[in-house]
Trainee: 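My questions will all concern the structure given below.
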Amino acid sequence: MTTAQILFEQYKVLPSRVKRELKEMIIQEEAEDIVPLKDQIKEGLKEIKLIKQGKLKARTLDQVLTELEDEA
């Protein structure tokens, strides 16, 4: 079973309200300063591919958290 299938199985058992909120988070495009979750996931997958190919240097969790704090 793939990760996507596992996530979908978990999604199916969520209450309707939570499903609706999750959908809104994924497809949210109205806010200009917020990148939709769908686009964030795609960007993350591209970065993972580049890291595996050796074209991008992997970062530690501390580096990522520091970068997020600097953006805020």
Side-chain angles (χ1 to χ4, degrees):
M1 187 174 268
T2 67
T3 304
Q5 290 170 325
I6 293 169
L7 288 171
F8 182 67
E9 291 300 319
Q10 291 296 316
Y11 170 81
K12 290 192 308 187
V13 298
L14 292 172
S16 297
R17 179 185 56 81
V18 177
K19 286 181 185 179
R20 187 173 49 256
E21 289 174 3
L22 184 58
K23 284 180 189 177
E24 289 173 4
M25 283 176 37
I26 292 173
I27 15 182
Q28 180 181 14
E29 295 183 23
E30 291 86 40
E32 294 176 18
D33 59 336
I34 298 176
V35 178
L37 182 59
K38 175 177 62 173
D39 294 341
Q40 292 177 27
I41 293 170
K42 286 180 182 178
E43 183 63 31
L45 291 173
K46 287 178 187 175
E47 287 182 17
I48 290 170
K49 287 179 183 179
L50 291 174
I51 291 170
K52 286 183 177 181
Q53 294 171 356
K55 297 180 181 178
L56 186 65
K57 185 177 181 245
R59 299 175 291 172
T60 65
L61 179 59
D62 288 333
Q63 291 171 326
V64 172
L65 293 175
T66 302
E67 181 181 312
L68 291 173
E69 288 174 359
D70 292 343
E71 288 179 6

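Side chains included, hydrogens not; waters and symmetry mates left out as well; all remaining heavy atoms used. Just so you know, these numbers come straight off a predicted model, no measurement behind them.
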Trainee: Lys12: which residues meet the salt bridge (charged side-chain N to carboxylate O under 4.0 Å, His left out) condition with it, sequence neighbours left out?
Mentor: Glu9

Trainee: By side-chain contact (heavy atoms from CB on, under 4.5 Å), which residues pair with Lys57, not counting sequence neighbours?
Mentor: none

Trainee: Listed by chain and number, what are the side-chain contact (heavy atoms from CB on, under 4.5 Å) partners of Gln63, not counting sequence neighbours?
Mentor: Arg59, Thr60

Trainee: With sequence neighbours excluded, what pairs up with Glu21 under the side-chain hydrogen bond (donor to acceptor under 3.5 Å, both in side chains) test?
Mentor: Arg17

Trainee: Could you give the distance from NZ (Lys46) to CD (Glu43), rounded to the nearest 0.5 Å?
Mentor: 5.5 Å

Trainee: Linking I/L/V/M/F/W/Y whenever any side-chain heavy atoms sit under 4.5 Å apart, do Leu56 and Leu45 land together?
Mentor: no

Trainee: Which residues pass the side-chain contact (heavy atoms from CB on, under 4.5 Å) test with Thr2, not counting sequence neighbours?
Mentor: Ala4, Gln5

Trainee: Residues two or more places apart in sequence or in another chain: which of them pass side-chain contact (heavy atoms from CB on, under 4.5 Å) with Tyr11?
Mentor: Phe8, Leu14, Lys19, Leu22, Lys23

